[in-house]
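Okay, structure first, notes after.
Being a predicted model, the structure only gives us computed values, none of them experimental.
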Amino acid sequence: SATNYPNPFNPNTTIKMNIPTNGYVSLKVYNLRGQLVKTLVNDRFDAGVYPVQWNGTDDANNEVSSGVYMYRLDTKDNSFTNKMILIK
């Protein structure tokens with residue numbers, strides 16, 4: 001699972017990943033059109049809880065606009081999606 005705080009946020013939020021088992025983990029941010037905005041995590045992790053910062057930028061380090069974004073956490077066993085709101 002994953003939760004983020006603060007939400008709404010400006011300009012930073014922390015997404016707390018709860019990884020149930022060792023393995024490959026992906027954490028990505030998408031806009032409401034389903035387009036990939038930013039890859040935050042793409043690596044192997046041991047089971048545990050990990051905080052990941054997002055500073056409201058895309059993969060090219062450009063600031064993104066205010067609005068609703070989705071983050072998706074994929075682990076070996078499941079995936080989880082939640083929304084967050086960036087307010088400038």
Side-chain angles (χ1 to χ4, degrees):
S1 67
T3 56
N4 77 294
Y5 56 91
N7 189 17
F9 66 98
N10 177 18
N12 297 308
T13 189
T14 300
I15 301 169
K16 188 169 70 171
M17 303 187 306
N18 186 354
I19 310 301
T21 56
N22 297 358
Y24 174 80
V25 175
S26 168
L27 179 62
K28 297 180 179 184
V29 176
Y30 296 88
N31 63 24
L32 286 182
R33 289 180 283 178
Q35 298 167 314
L36 178 64
V37 173
K38 180 92 169 188
T39 299
L40 298 173
V41 170
N42 193 18
D43 208 348
R44 288 187 58 82
F45 278 79
D46 291 334
V49 177
Y50 300 90
V52 178
Q53 293 276 331
W54 184 44
N55 62 357
T57 62
D58 62 17
D59 275 332
N61 280 330
N62 298 310
E63 288 187 9
V64 298
S65 59
S66 297
V68 178
Y69 293 87
M70 306 298 291
Y71 57 90
R72 179 180 171 113
L73 174 67
D74 289 302
T75 66
K76 181 175 79 170
D77 299 320
N78 55 38
S79 65
F80 180 84
T81 304
N82 207 350
K83 71 179 179 178
M84 56 188 167
I85 302 170
L86 171 59
I87 297 177
K88 292 188 177 180

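Checked by atom type and distance alone, the side chain of S66 pairs as donor or acceptor with a backbone atom of K88 at under 3.5 Å. In this structure, N18 contributes its side chain and S1 its backbone to no donor-acceptor pair below 3.5 Å.
Taking both residues in full, the closest heavy atoms of A47 and P20 are given as CB-O, 3.5 Å, listed atom of the first, atom of the second, then distance. What you find for V68 and L32 is that their closest heavy atoms are O-CG, 3.6 Å. Nearest heavy-atom pair, W54 versus L40, reported as atom, atom and distance to 0.1 Å: CD1-CD2, 3.6 Å. Contact between N82 and A2 at its shortest, heavy atoms only, is ND2-O, 4.0 Å.
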Point to revise | Audit row: K83, N4, side-chain contact (heavy atoms from CB on, under 4.5 Å) steps and yes/no | key: CA-CA 9 Å; K83 71 179 179 178; N4 77 294; over 6 Å; no
Point to revise | Derivation of the side-chain contact (heavy atoms from CB on, under 4.5 Å) call for L86 and F9 | key: CA-CA 5 Å; L86 171 59; F9 66 98; 3.6 Å; yes
Review point. After noting the C-alpha distance and the side-chain angles of K38 and V64, does the key distance pass the side-chain contact (heavy atoms from CB on, under 4.5 Å) rule?
Key: CA-CA 10 Å; K38 180 92 169 188; V64 298; over 6 Å; no
Check your understanding: Under the side-chain contact (heavy atoms from CB on, under 4.5 Å) criterion, do D59 and L36 qualify, and how do the steps go?
Key -> CA-CA 9 Å; D59 275 332; L36 178 64; 4.2 Å; yes
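A distance of 10.0 Å separates CG in D74 from CG in N42, rounded to the nearest 0.5 Å. Rounded to the nearest 0.5 angstrom, N7 CG and Y69 OH are separated by 13.0 Å. K76 NZ to N78 CG: the interatomic distance, rounded to the nearest 0.5 Å, is 11.0 Å.
Side-chain N/O atoms of Q53 and T14 include a donor and acceptor closer than 3.5 Å. Side-chain atoms of D77 and T75 include no donor-acceptor pair closer than 3.5 Å.
By the 4.5 Å heavy-atom criterion applied to side chains, Y71 and T13 are not counted as neighbours. Residues L73 and I19 have side chains in contact (heavy-atom distance under 4.5 Å, counting atoms from C-beta outward). Counting heavy atoms from C-beta on, the side chains of N55 and P11 never come closer than 4.5 Å. L27 is not listed as a side-chain neighbour of F45, based on a closest heavy-atom distance of 4.5 Å or more.
Tracing side-chain contacts under 4.5 Å through hydrophobic residues (I, L, V, M, F, W, Y), one reaches Y50 starting from V41; they form part of the same cluster.
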